[in-house]
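One structure is given here, and the rest of the page talks about it.
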Amino acid sequence: MVLDAVRTAFEKGLLPSNQVPEFEVETPKYEGQGDFSTNFAMVSAKLQKMAPAKIAKSLVESMSDSTHTHLGPVLEKIEVAGPGFINFFLSPGAWHPVVDQVLNQDASFGASAMGRGQLVQVEFVSANPTGPLHVGHGRGAAVGDAVGNILSFAGFDVQKEYYINDSGRQIRTLGTSVWLRLQQMQGKTVDFPQDCYQGDYIRDIAQEVFATRGKDLADADEKQGIEICARFAAGKILAGIRSDLDDFGVRFDNWFSEQSLYDSGRVQTAIENFKEKDLIYEKDGALWFRTEKFGDEKDRVVVRNNGLTTYFASDIAYHDEKYERGFDRVIDVWGADHHGYIKRIDAAVVATGRKSEQFDVILVQLVNLLRDGNPVQMSTRAGEFVTLKDIVDEVGKDAARFMFLSRSYDSGLDFDLELAKKKSSDNPVYYVQYVHARITGILNKAKDEGLIDQTDFKTGSHLEKLVAEEELKLIKLIAGFREQVEKSAETLHPHVIFTYLMTLASAFHAYYNHHKVIIADKPLSLARLSLVLAVKKVIRNGLALLGVSAPERM
RNA sequence: GCGCCCGUAGUGCAGUGGAUAGCACGUCAGCCUCCGAAGCUGAAGAUCGCUGGUUCGAUUCCAGCCGGGCGUACCA
């Protein structure tokens, strides 16, 4: 249409040139600036050697002349504004079908085909099974889970995975810790080293292992004993992690064992393959992977001079295995303290023949735990931490998840325990959930009064009655939901959905305070009920992406 | 030193290559005989860290600098 106008204007001699630079058509930031707007006049100012406002004026005149058929039911008004924007205003009737769409598509409204079924794996949490999950893991869990949900809604085929570090030194240390506590329980005086896990849960596990495996332990020497303790403890802790995540609403499609990479020989194979390609060399008795060739600062050790493999070795094998499983794209969610690891893994991914674009790392900045504004020191080793379970038990799953997703993971997050524990209206989750509960209340009342047969229906009625400013604002917001889902999926930023929900909730609350839904004018009332039901569904769909429930009442 | 992230209102954070920089909390003033006041309306509050550059136009992109966080192992 704009192009048409340019041609017409040129032919009529209003513009000196018919060349068309790159321009954009977008939704303006503020109300009163139309539904679509283009910066065409501004970007072509140089080319046309004319003032943007003058170009815009010529274009609008041409459009009114040549495309008058477009004006009418859909297009209401075209105007020139600001430094030369051309704003297009749609008529209310153009928006009404959106309400029907929401009611019809229900839980799938907002879904997108953007991902074209691409296989994506999101790996997150992946905490070592050496202690319970703490608050920091909670943020990673909330982010990973939400990213998975959003990608899936945006048309990707998503698998969520947890990588279990069930081999290596930490597990041995865990075994030793339990073993030593066991010795202490039996009255032996043993030194409990600093680098062992200090938490009370180690004692609990020691008691359990004694109760269930005491007989085997009695016959075991120290090495066997530690092995038994390690396996028992890891299993026990992992079960706890699973259950904590379950309470947090996070479910994984797959739990992948690091040990299995060793058992199947994949780690060894990966190293051999790299050796053959001359990507691994020996120095000082250790094996080094040439990560520097792939942009890392320096080469990294995969096998130490004592013959033991590093974590990096199994990570190479692990990522290779992921792509071999058929994933087009792999996303790892890590804590910010692991950022130095990105280049390394990226190098491994590229070295096995994949493209760097197929690998993404979401770096979640650290959670700063506070209590009444004062920092809480946390260390797994010292056994002093606030667990994810503590948080969920005290503030609830919904509030915790919403809090974690309320801001970009690019920023550090202050999580104040006392504040989070407060069930006050400070918590934004109530603001959004309240909309859902409020609308449920309205629909129930409408049903009681016989206005509607059921509180859920698929077709709106008398939608043409929705002409109030607040109503159109709501409809336009609803219409933009899918765009937000796509934006969120593209940027891998779940807080986009959070911000959207807050905006939608705010618009609804304002509407509610200005207009009654259940009124004497029955057609208008039915139209408003349709709108309100649509809002309810969008709120529910959005909350679902974040893993937050949409309560019928609160 | 090097690398990553952040610097926007009193506080915590959104946002954008363009037209009036938003939200929440906090402060002040209002709104329930009326579908849920966990809500709404209004007011006050910001030289978008600093300096350059690219651009018709920069808070947004780039470079440098200054602050803050994190990392920088043959640890995991």
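First the proteins, then the strands, lettered A, B, ... as listed; each starts at 1.
The one candidate from A/Asn128, A/Ile164, A/Asn165 that meets the side chain to side chain contact (heavy atoms under 4.5 Å, CB included) condition with A/Glu258 is A/Asn165.
Nucleic acid contact class of A/Ser408 (heavy atoms, under 4.0 Å, all strands): sugar-phosphate only. Among the protein residues, A/Leu287 comes within range of no part of the nucleic acid, since none of its heavy atoms lies under 4.0 Å from any strand. Residue contacts for A/Asp315: at a heavy-atom cut-off of 4.0 Å it reaches no nucleic acid atom on any strand shown. Heavy atoms of A/Ala446 sit nowhere under 4.0 angstrom from any nucleic acid atom.
The salt bridge (Lys or Arg N to Asp or Glu O under 4.0 Å) contacts involving residues 512-533 of chain A comprise A/Glu471-A/Arg528, where partners must be two or more places apart or lie in separate chains. Sorted by first then second residue, the salt bridge (Lys or Arg N to Asp or Glu O under 4.0 Å) pairs that include residues 128-143 of chain A, not counting sequence neighbours, number zero. Applying the side-chain hydrogen bond (donor to acceptor under 3.5 Å, both in side chains) rule to pairs touching residues 293-305 of chain A yields A/Tyr281-A/Asp299, A/Thr291-A/Asp296, A/Asp296-A/Arg300, sequence neighbours excluded.
As rounded to whole Å, 13 Å separates atom C1' of B/A37 from atom CE of A/Met554. Per the geometry, OH belonging to A/Tyr430 stands 16 Å off C1' belonging to B/A24, to the nearest Å. The distance from atom CG of A/Asp296 to atom C1' of B/C2 is 12 Å, rounded to the nearest whole Å. The CE-C1' distance, from A/Met403 to B/A24, rounds to 12 Å in whole Å. When the C1' atom of B/C4 is taken as reference, atom CD1 of A/Ile345 falls 16 Å away, rounded to whole Å. Remark: P of B/C4 and CG of A/Leu363 are 11 Å apart, rounded to the nearest angstrom. We find that CH2 of A/Trp334 is positioned 14 Å from P of B/C5, with the value rounded to whole Å. Whole-Å rounding puts the A/Asp346 CG to B/C4 P distance at 14 Å.
Judged by distance alone, the side chain of A/His495 and the main-chain N or O of A/Leu405 form no donor-acceptor pair under 3.5 Å.
Contact annotation: A/Tyr431 reaches the phosphate of B/C40 (side-chain N/O to OP1 or OP2, under 4.0 Å).
The separation of B/C34 from B/A21, taken at their P atoms, amounts to 40 Å, rounded to a whole angstrom. Rounded to whole Å, the P atom of B/A24 lies 16 Å from the corresponding atom of B/A44. For the C1' atom pair drawn from B/C70 and B/A37, the interatomic distance equals 43 Å after rounding to whole Å. With both ends at atom P, the span from B/G7 to B/C50 equals 13 Å, rounded to whole Å. The gap from the P atom of B/C13 to that of B/U72 amounts to 24 Å, rounded to the nearest Å. Atom name C1', nucleotides B/C65 and B/A76: the rounded distance is 36 Å, in whole Å. Spacing between B/U60 and B/U8 at atom P, rounded to whole Å, works out to 14 Å. Taking atom P in both B/C31 and B/C23, one finds a spacing of 23 Å when rounded to whole Å.
For A/Lys236, the NZ atom sits in a loose shell: 12 or fewer heavy atoms of surrounding residues, nucleotides or ligands are nearer than 6.0 Å. Heavy atoms of other residues, nucleotides or ligands lying less than 6.0 angstrom from CG of A/Asn306 number more than 12. Heavy-atom contacts from other residues, nucleotides or ligands closer than 6.0 Å to CZ of A/Arg482 number 12 or fewer. A 6.0 Å sphere centred on CD of A/Glu272 holds more than 12 heavy atoms belonging to other residues, nucleotides or ligands.
Taking only side-chain atoms of A/Arg407, from C-beta outward, the nucleotide of B/G12, B/G39, B/A19 with the closest atom is B/G12. Minimum atom distance to the side chain of A/Ser411 is reached by B/C6, of the listed B/U41, B/C4, B/C6.
Contacts of A/His514 classified as side-chain contact (heavy atoms from CB on, under 4.5 Å), with partners at least two apart in sequence or in another chain: A/Glu470. Residues that satisfy the side-chain contact (heavy atoms from CB on, under 4.5 Å) test with A/Asp456, not counting sequence neighbours, are A/Lys458, A/Leu533, A/Lys537. Residues satisfying the side-chain contact (heavy atoms from CB on, under 4.5 Å) test with A/Gln454, not counting sequence neighbours, are none.
A distance of 11.0 Å separates CG in A/Leu174 from CD1 in A/Ile226, rounded to the nearest 0.5 Å. Note: A/Ile316 CD1 to A/Glu321 CD = 14.5 Å, rounded to the nearest 0.5 Å.
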In 5'-to-3' order, the base (B), backbone-only (S) or no-contact (-) status of each nucleotide in nucleotides 69-76 of chain B, using a 4.0 angstrom heavy-atom cut-off, is -BS-SBSB

Return the polar atom pairs (N/O with N/O) between nucleotides 32-35 of chain B and the protein under 3.5 Å, or none.
| residue | atom | partner | partner atom | Å |
| --- | --- | --- | --- | --- |
| B/C34 | O2' | A/Lys516 | NZ | 3.0 |
| B/C35 | O2 | A/Val517 | N | 3.4 |
| B/C35 | O2 | A/Ile518 | N | 3.1 |
| B/C35 | N3 | A/Val517 | N | 2.8 |
| B/C35 | N4 | A/Tyr512 | O | 2.9 |
| B/C35 | N4 | A/His515 | O | 2.5 |

Throw together a table of side-chain donor-acceptor distances under 3.5 angstrom for residues 336-345 of chain A, partners on residues two or more places apart or in other chains.
| residue | atom | partner | partner atom | Å |
| --- | --- | --- | --- | --- |
| A/His339 | ND1 | A/Ala336 | O | 3.2 |
| A/Tyr341 | OH | A/Phe312 | N | 3.4 |

Going by atom type alone, with no hydrogens or angles, which donor-acceptor pairs under 3.5 Å involve a side-chain atom of residues 487-494 of chain A and a protein atom two or more places apart or on another chain?
| residue | atom | partner | partner atom | Å |
| --- | --- | --- | --- | --- |
| A/Ser488 | OG | A/His493 | O | 2.9 |
| A/Thr491 | OG1 | A/Lys487 | O | 2.8 |
| A/Thr491 | OG1 | A/His493 | N | 3.4 |

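For RNA chain B, the residues of residues 478-500 of chain A within the heavy-atom distance limit of 4.0 Å (strictly under) are A/Lys487, A/His495, A/Thr499, sorted by number.
Glycosidic conformation of B/C28: anti, with the torsion beyond 90° of 0.
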Nucleotide-level pairing of RNA chain B, given in dot-bracket where Watson-Crick and G-U pairs need both distances under 3.5 Å and | marks other strands: (((((((..((((....[...)))).(((((.......))))).....(((((..]....))))))))))))....

